[in-house]
> 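Sending over a structure as structure tokens; questions will come in a sec.
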Amino acid sequence: MNKEIDLTQDKKKQNTQENSLLRIHDSRLMRGLYLGGGIIALILGALGAILPILPTTPFILLAAACFARSSESFHNKLLANRIAGPVIREWCLYKSIPYRVKRWAYLLMALSFGTSILLVPAVWHKVMLGVIAAILAIFIWRIPVRDSCTRYKTS
């Protein structure tokens, strides 16, 4: 019974906080600029899912922030997405990511950087890619992980 009450309270808190994230700008010009920025960030995020150097998550979070200031319908569509929605919601509400997302990030990063390091001929390119991969891995490692019981982990 207590779990049900906690889940209900968590859902209410989540809905309230999601509604507070949506702050449509008053200026029509600024709404247009935010909408354009959100669309560009969304495209870059989609490209980041394919390209090894371009990050996906920061661009998707930027798109969500831009849509929250420009268009309620775009913002709701992004939050309703089965892949990006829960990650965006988790970041906006708790400044954390789910553990499974962190594991996928490490796996995809290892695959993309590993393949790139094997394919480039110059040693300095390999070193540069290795350094970028290490910096990105440290950045991802520092992002908190929140499980379903709202406890935080650092790794």
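Atoms considered below: every heavy atom in the structure, side chains included; atoms not considered: hydrogens, waters and symmetry mates.
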> Does one hydrophobic cluster hold both Leu136 and Val120, with members joined at side-chain heavy-atom distances below 4.5 Å?
yes
> Side chains of Phe67 and Ile39: does their closest heavy-atom pair fall under 4.5 Å?
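When only atoms from C-beta onward are counted, Ile39 and Phe67 do touch, with a gap below 4.5 Å.
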> Carefully, step by step, assess Ile138 and Arg142 under the rule side-chain contact (heavy atoms from CB on, under 4.5 Å).
CA-CA 6 Å; Ile138 291 168; Arg142 293 187 50 160; 4.3 Å; yes
> Just by modelled atom types, is the Ser112 backbone N or O under 3.5 Å from a matching donor or acceptor in the Thr115 side chain?
no
> Check Leu78 against Ala63 and note the closest heavy-atom contact, atom names and distance.
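Heavy-atom minimum between the residues: CD2-C, 4.1 Å.
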> Search all heavy atoms of Ala105 against all heavy atoms of Ile140 and return the closest pair with its distance.
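Result for this residue pair: CB-CD1, 4.0 Å.
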> For Ile97 versus Lys102, what's the shortest heavy-atom pair and its separation?
CD1-CB, 3.9 Å
> Between Arg31 and Ser70, what is the shortest heavy-atom contact and its length?
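Arg31 and Ser70 have their closest heavy atoms at O-CB, 3.2 Å.
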> Check step by step if side-chain contact (heavy atoms from CB on, under 4.5 Å) holds for Val145 and Ser96.
CA-CA 5 Å; Val145 173; Ser96 66; 5.9 Å; no
> Evaluate the side-chain proximity of Ile132 to Met128: yes if any heavy-atom separation is below 4.5 Å, no if none is.
yes
> Looking at CG of Leu61 and CD1 of Ile88, how far apart are the two atoms once the value is rounded to the nearest 0.5 Å?
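Between atom CG of Leu61 and atom CD1 of Ile88 there are 6.0 Å.
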> In the single-linkage hydrophobic clustering (I, L, V, M, F, W, Y; side-chain heavy atoms under 4.5 Å), do Tyr99 and Leu108 co-cluster?
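Different clusters.
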> Where do Cys66 and Gly37 come nearest, in terms of heavy atoms and distance?
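Here Cys66 and Gly37 meet closest at SG-C, 4.1 Å.
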> With a 4.5 Å cut-off on side-chain heavy-atom distances among I, L, V, M, F, W and Y, is there a chain of contacts connecting Phe139 to Leu111?
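As far as the 4.5 Å side-chain criterion goes, Leu111 and Phe139 are not connected within one cluster.
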> Apply the test side-chain contact (heavy atoms from CB on, under 4.5 Å) to residues Leu35 and Phe74: give CA-CA distance (whole Å), side-chain angles for both, the deciding distance (0.1 Å), then the verdict.
CA-CA 9 Å; Leu35 183 63; Phe74 276 109; 3.4 Å; yes
> Using the rule that two of Ile, Leu, Val, Met, Phe, Trp, Tyr join whenever any of their side-chain heavy atoms come within less than 4.5 Å, decide whether Ile40 and Leu33 are in one cluster.
no
> How far apart are the closest heavy atoms of Leu79 and Arg89, and which atoms are they?
O-NH2, 2.6 Å
> In a check of side chain to side chain contact (heavy atoms under 4.5 Å, CB included) between Lys126 and each of Ile117, Leu119, Val131, which one passes?
Ile117
> May I ask whether Tyr34 and Leu29 are part of the same hydrophobic cluster, defined by side-chain heavy atoms of I, L, V, M, F, W, Y residues being less than 4.5 angstrom apart, directly or through others?
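Looking at the clustering, Leu29 is in the same group as Tyr34.
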> Hey, does Asn76 have a side-chain heavy atom less than 4.5 Å from the side chain of Glu72?
yes
> Does Tyr106 use its side chain to pair, donor to acceptor, with the backbone of Val101 at less than 3.5 Å?
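Judged by distance alone, no pair lies under 3.5 Å.
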> To the nearest 0.5 Å, what is the distance between CD1 on Ile83 and CH2 on Trp104?
10.5 Å
> How long is the span from the CZ atom in Arg69 to the NE2 atom in His75, to the nearest 0.5 Å?
10.0 Å
